[in-house]
Amino acid sequence: MTTTPPSPVPRVPLGAQLEVSALGLGCMGMAEFYGPSDEQESVATIERAVDHGVDFVDTAHMYGGGRSEEIVGRALARIGRDRVTLATKCGLERTDTGVRIDGTPDRIRAAVDESLSRLGTDHVDLLYLHRVDPEVPVEESIGVMAELAAAGKARLLGISEAGEDSLRRAHATHPMEALQSEFSLSTREPQRTLLPVCRELGIGFVAWGPLSRGLLTGKLPATEFPGDDIRSVLPRFGRDALAHNLRLADRLAGFARDRGLTLAQLALAWIIAQGAVPIPGAMNRGQLDENRSAADVVLDARALAELDELAPEGAFAGDRFHAPMLSTVDR
């Protein structure tokens with residue numbers, strides 16, 4: 001018995017100089033935040049992704065205090081560095097009590113060297129400033145990143161969770177290839193506030209959290225989350241908000257089923273239709289295979305209009321972050 005290999009994932013421009021798979025792979029959950037993970041399965045998932053054309057791989061210095069980068073590095077050693085468009089981030093770090101922003105030049109220099117060591121490479125394709133440090137002018141943080149790019153440690157630069165003013169200032173300091181922010185059918189504000197700026201400036205948009213931490217998969221149980229799962233403290237997943245949000249997700253799942261799709265595939269196809277590149281996390285190959293199929297889905301104008309009615313901005317209840325993380329987001 002033979003199986004038909006999946007069709008190649010389309011490639012799309014991201015910003016002015018980079019072309020990536022229309023769907024990427026986020027590697028945060030492989031390190032922490034969503035309960036236990038299997039490192040061997042994580043490496044196998046990255047390998048499967050690249051073999052199937054999903055070669056835009058995203059990690060960060062902060063995820064698991066470097067553990068995500070170590071996992072990606074192990075996968076790269078098996079896959080080959082030249083087969084992957086690799087992105088990581090600096091400027092946000094794990095602490096014993098949570099996270100801290102540090103956009104100072106000295107820390108950025110050290111953090112990038114630490115990241116490259118864990119990844120087992122001498123450069124990344126896309127280096128993001130993970131958060132704008134309110135104590136450091138964004139020009140200063142981007143300026144040292146530009147020096148690192150000139151030294152060959154990064155091909156291109158980007159910024160994450162930046163507001164419009166910081167985005168414009170960063171882009172004026174050094175061209176930004178991409179803005180990465182949370183964006184999904186449940187977090188639609190960037191469609192109104194940030195995507196128009198990115199289009200104006202020629203900056204690509206990378207959507208993290210496109211499945212809303214599992215809410216847009218149709219597989220999330222209406223239950224409390226254990227303490228090692230970040231959803232246990234997020235307002236969107238509190239008891240009353242979760243009940244409301246799951247009812248809305250069920251309606252979206254019905255919309256997807258009517259079109260022969262899973263809810264996850266619909267949610268990812270919607271992101272692609274906005275001209276953004278989603279980077280859903282996958283903790284195993286099964287999740288990856290389901291997500292990968294979204295790259296083949298085309299939503300017509302009627303479907304997009306119906307989704308606007310089903311899930312308009314503000315339809316989902318609860319903030320996307322709890323207070324400590326919400327305070328790190330640039331406005």
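Index from 1, following the sequence. Reckoned from all heavy atoms, side chains included, excluding hydrogens, waters and symmetry mates.
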Q. Which is it for Lys219 and Glu290 under the side-chain contact (heavy atoms from CB on, under 4.5 Å) test, yes or no, and what are the steps along the way?
A. CA-CA 13 Å; Lys219 301 171 184 176; Glu290 178 182 354; 2.6 Å; yes
Worked check of side-chain contact (heavy atoms from CB on, under 4.5 Å) between Lys89 and Asp58: CA-CA 9 Å; Lys89 312 175 194 73; Asp58 182 274; 2.6 Å; yes
Discussion item. Would Glu114 and Arg107 count as a salt bridge (charged side-chain N to carboxylate O under 4.0 Å, His left out) here? Give the steps.
Written reply: CA-CA 10 Å; Glu114 292 163 13; Arg107 185 59 199 138; 3.0 Å; yes
field: Intermediate values then yes/no, side chain to side chain donor-acceptor pair (under 3.5 Å), Thr173 and Glu139
entry: CA-CA 6 Å; Thr173 303; Glu139 292 86 354; 4.8 Å; no
Start with the C-alpha distance between Ile101 and Val136, add both sets of side-chain angles, then the distance that settles side-chain contact (heavy atoms from CB on, under 4.5 Å), and finish with yes or no. CA-CA 10 Å; Ile101 303 174; Val136 179; over 6 Å; no
- request: List the steps, then state whether side-chain contact (heavy atoms from CB on, under 4.5 Å) holds for Ile46 with Cys27.
  value: CA-CA 9 Å; Ile46 297 170; Cys27 299; 4.2 Å; yes
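Sparse packing is recorded around CD of Gln40, with 12 or fewer heavy atoms of other residues, nucleotides or ligands lying under 6.0 Å away. The neighbour count for Arg78 CZ, taken as heavy atoms of other residues, nucleotides or ligands under 6.0 Å away, does not exceed 12.
A heavy-atom distance below 4.5 Å is not found between the side chains of Phe56 and Val9. Between Leu220 and Phe237 the shortest side-chain heavy-atom distance falls below 4.5 Å. The shortest distance between side-chain heavy atoms of Thr217 and Leu263 does not fall below 4.5 Å. Contact of the Val57 side chain with the Thr85 side chain is not registered, since no non-hydrogen atoms from C-beta on lie closer than 4.5 Å. In this structure the side chain of Arg168 reaches within 4.5 angstrom of the side chain of Glu200, judged on heavy atoms. Contact check for Pro278 versus Ile272: side-chain heavy atoms found under the 4.5 Å cut-off. Under the 4.5 Å side-chain criterion, counting only non-hydrogen atoms from C-beta, Val124 is not in contact with Arg155. When side chains are defined from C-beta on, Glu39 does not count as touching Glu70, because their heavy atoms never get closer than 4.5 Å.
Panel note: side chain Ser117, backbone Asp113; no donor-acceptor pair is recorded below 3.5 Å. Using modelled atom types, one side-chain atom of Arg236 and one backbone atom of Ser186 make a donor-acceptor pair closer than 3.5 Å. In this structure, Glu189 contributes its side chain and Glu313 its backbone to no donor-acceptor pair below 3.5 Å. Under the 3.5 Å distance criterion, the side-chain polar atoms of Glu161 are left unmatched by any main-chain donor or acceptor of His130. Here the side chain of Glu177 pairs a donor or acceptor atom with the backbone of Gln17 at under 3.5 angstrom. Counting only distance, with no hydrogens or angles, the side chain of Ser141 and the backbone of Gly103 share a donor-acceptor pair below 3.5 Å. For Arg231 (side chain) and Arg213 (main-chain N/O), a donor-acceptor pair under 3.5 Å exists by modelled atom type. Of the possible polar contacts, one joining the Arg81 side chain to the His123 backbone as a donor-acceptor pair under 3.5 Å is found. Panel note: side chain Asn245, backbone Ala317; a donor-acceptor pair is recorded below 3.5 Å. Remark: the backbone N or O of Leu92 is not paired with any side-chain donor or acceptor of Arg131 at under 3.5 angstrom.
Here the closest non-hydrogen pair linking Ile108 and Leu148 is CG2-CD1, 4.0 Å. Summarising the geometry of Gly209 relative to Ser184, their closest heavy-atom pair is O-CB, 3.6 Å, with the distance given to 0.1 Å. For the pair Val72 and Thr59, the tightest heavy-atom approach, listed with the atom from each and the gap, is CG2-CB, 4.1 Å. Heavy-atom minimum distance, Arg292 versus Leu23: CA-CD2, 3.5 Å. Residues Pro190 and Pro196 come closest through the heavy atom pair O-CD, 4.1 Å. For the residue pair Ala264 and Asn291, the shortest heavy atom distance occurs at CB-OD1, 4.1 Å.
Taking the charged nitrogens against the carboxylate oxygens, Glu41 and Arg48 have no contact shorter than 4.0 Å, which rules out a salt bridge. A salt bridge is defined here as a Lys NZ or Arg NE, NH1 or NH2 lying under 4.0 Å from an Asp or Glu carboxylate O, and Arg257 with Asp250 fails to meet this definition. The existence of a salt bridge linking Arg100 and Glu93 is confirmed by a sub-4.0 Å separation between a basic side-chain nitrogen and an acidic carboxylate oxygen. Under 4.0 Å is where a charged nitrogen must lie from a carboxylate oxygen, and between Arg302 and Asp300 no such pair does.
Atoms CE and CD, from Met62 and Glu69 in turn, are 11.0 Å apart once rounded to the nearest 0.5 Å. With values rounded to the nearest 0.5 angstrom, Tyr128 atom OH is found 10.5 Å from Leu156 atom CG. Residue Leu129 holds its CG atom at 11.0 Å from CG of Leu179, rounded to the nearest 0.5 Å. Atoms CD1 and CD, from Ile279 and Gln180 in turn, are 3.5 Å apart once rounded to the nearest 0.5 Å. Here the straight-line distance linking atom CE of Met176 with atom CG of Leu201 works out to 11.0 Å at 0.5 Å rounding. The distance from atom CZ of Arg74 to atom CD of Glu47, rounded to the nearest 0.5 Å, is 13.0 Å.
Applying the side-chain contact (heavy atoms from CB on, under 4.5 Å) criterion to Val297, with sequence neighbours excluded, gives Leu261, Ala269, Leu299. Contacts of Ser166 classified as side-chain contact (heavy atoms from CB on, under 4.5 Å), with partners at least two apart in sequence or in another chain: Val132, Ala162, Asp330.
Note on residues 145-204: pairs passing ring pair (Phe, Tyr, Trp, His ring centres under 6.0 Å), not counting sequence neighbours, are Phe183-Phe205, Phe183-Trp270.
Taking the centre and axis of the six-membered ring of Phe255, the NZ or CZ atom of Arg251 falls outside the cone set by 45° and 6.0 Å.
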